[in-house]
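What follows is one structure encoded as structure tokens, with my remarks underneath.
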Amino acid sequence: MDNSIFRSQFTLGILGGGQLGCMLIESCLPYNIPVSVLDSDPDAPASRMTNHFTKGDITDYETVYRFGKTVDLLTIEIENVNVEALRALKSEGVQVYPDPETIYLVQDKGLQREFYQKQGFPVPEFLLTENAEDVKKAADFLPAVHKTRKAGYDGRGVVKLRGEKDLENAFQEPGVLEKLIDIDKEISVITARSRSGKIIHFDPVELVFHDDRNMLDYLLSPADLSEQIKSEAVKLALTITESLGMIGILAVELFLDKNGKLFVNEIAPRPHNSGHQTIEGSYTSQYEQHLRAILDLPFGSTENILPSVMINLLGEDGFEGDVTYEGIEDALGMKGAYVHLYGKTKTRPFRKMGHITVLADNVGAALENAKILQKKVKVKA
Ligand code: ADP
């Protein structure tokens, strides 16, 4: 066990200062662990949560390398970072978790799918495409989903091609064309593996998406699944975690199709949107489990204290500029509701500005309350 954090002079470095970084810092507070953050936006959510904020580009080799030299252990809250610099730092003895090669794999949806296929994990049938012309040539593969290989997130870089008339929406950059799955449920299983190989998982959650925007509408914890599907999903997530030799938190997003078959959609080797509710809903949050995994400390219990529903607070469509929040008082007055505002000063349509977790004795009751808040709480400018 590396208990260096319980001695003096230990600093954790985080690449990225978004909301996931903020919540990771929150989990460091009970241990008073000093945290350094690198982000190009001096106003990034985590910038106000640490005295050690460095403004700099996390995709730039020199910037990441120099930052990495100032910390004892380096982790990420977003995978779009300079992997070359992480490889160099690792080779010079800096502790980097997750491993740079895992981050490299996850940066590219094409490589990810090739990895799953090679390892025998179930993935939707796919083709790799170089440009939109390639996609047009594969018209008989439709209905399908076209995804950019790199730098897509929150549904950006994903387009559904149901018929030939949609082909004009294909991306003019390297992509993955995969069969459109007739989805019954989208599930996420969060696991964590420590440096000494201990492995844990949270109960699967269900992600309910806006149909058009491919963005999360709300999350149900735990997911309503048969025992068999639940154990298949967990087993799949644990096997992927092991086969990556993952160190830290891994979110495994799965599709359950209408025939009861599971497919891997994608993975994220960092704390994830589908684990926000673990802060209040579980004995130990995903953020704290990540910390314990990378520091090789004993894990906490992943059991849920109560069922929960999590809603993202997104910037309202049609509003852009200095943010104001409407209806927060309603959430504050509701039993079991926990508000998180990320402190982003500017809103724009569908930007993730915060989230609310609602706990209740059962998921149905939590959902009822979450839907009330979804109507009342608005992010505007
Ligand atoms: P992102 O990286 O932006 O989260 P995803 O690859 O997870 O992108 O896709 C976003 C959403 O699009 C998914 O959550 C799902 O709702 C839908 N989607 C993606 N791939 C498929 C597919 N093969 N079949 C059906 N729906 C899909």
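Each ligand, and each atom within it, is numbered from 1 in the order the structure gives.
Of all the heavy atoms of I181, the ones lying under 4.0 Å from any atom of ligand 1 are found in both the backbone and the side chain.
Taking the centre and axis of the six-membered ring of F53, the NZ or CZ atom of K55 falls outside the cone set by 45° and 6.0 Å. Both cation-pi conditions hold for K179 and F141: the charged atom is under 6.0 angstrom from the six-membered ring centre and inside a 45 degree cone around its axis.
Listed by number with element, the atoms of ligand 1 under 4.0 Å from a non-hydrogen atom of F209 are 14 (O). Ligand-side atoms of ligand 1 in range of E178: 20 (N), 21 (C), 22 (C), 23 (N), range being under 4.0 angstrom from any heavy atom. Close contacts between ligand 1 and E186 involve ligand atoms 13 (C), 14 (O), 15 (C), 16 (O) [criterion: under 4.0 Å to a heavy atom]. Remark: ligand 1 atoms within the under-4.0 Å shell around heavy atoms of E266 are 1 (P), 2 (O), 4 (O), 5 (P), 7 (O), 8 (O). Heavy-atom proximity to L180, at under 4.0 Å, picks out these atoms of ligand 1: 24 (N), 25 (C).
Exactly one of Q112, E114, K118 qualifies for a side chain to side chain donor-acceptor pair (under 3.5 Å) with Y116. That residue is Q112.
A donor-acceptor pair shorter than 3.5 Å cannot be found between the side chains of R149 and Q107.
For ligand 1, the polar-atom distance check against F255 finds no nitrogen or oxygen pair separated by under 3.5 Å. Between E253 and ligand 1, no N or O atom pair is found at a separation short of 3.5 Å. Below 3.5 Å of separation, one finds no N or O of K160 facing any N or O of ligand 1.
Separation of atoms OH (Y61) and CZ (R87) is listed at 11.0 Å; rounding is to 0.5 Å.
Here atom 26 (N) of ligand 1 lies nearest to I183 when heavy atoms of L207, N265, I183, V123 are compared.
A salt bridge between K160 and D166 is absent, with no side-chain N of the basic residue lying under 4.0 Å from a carboxylate O of the acidic one.
At most 12 non-hydrogen atoms from other residues, nucleotides or ligands lie less than 6.0 angstrom from CG of N32.
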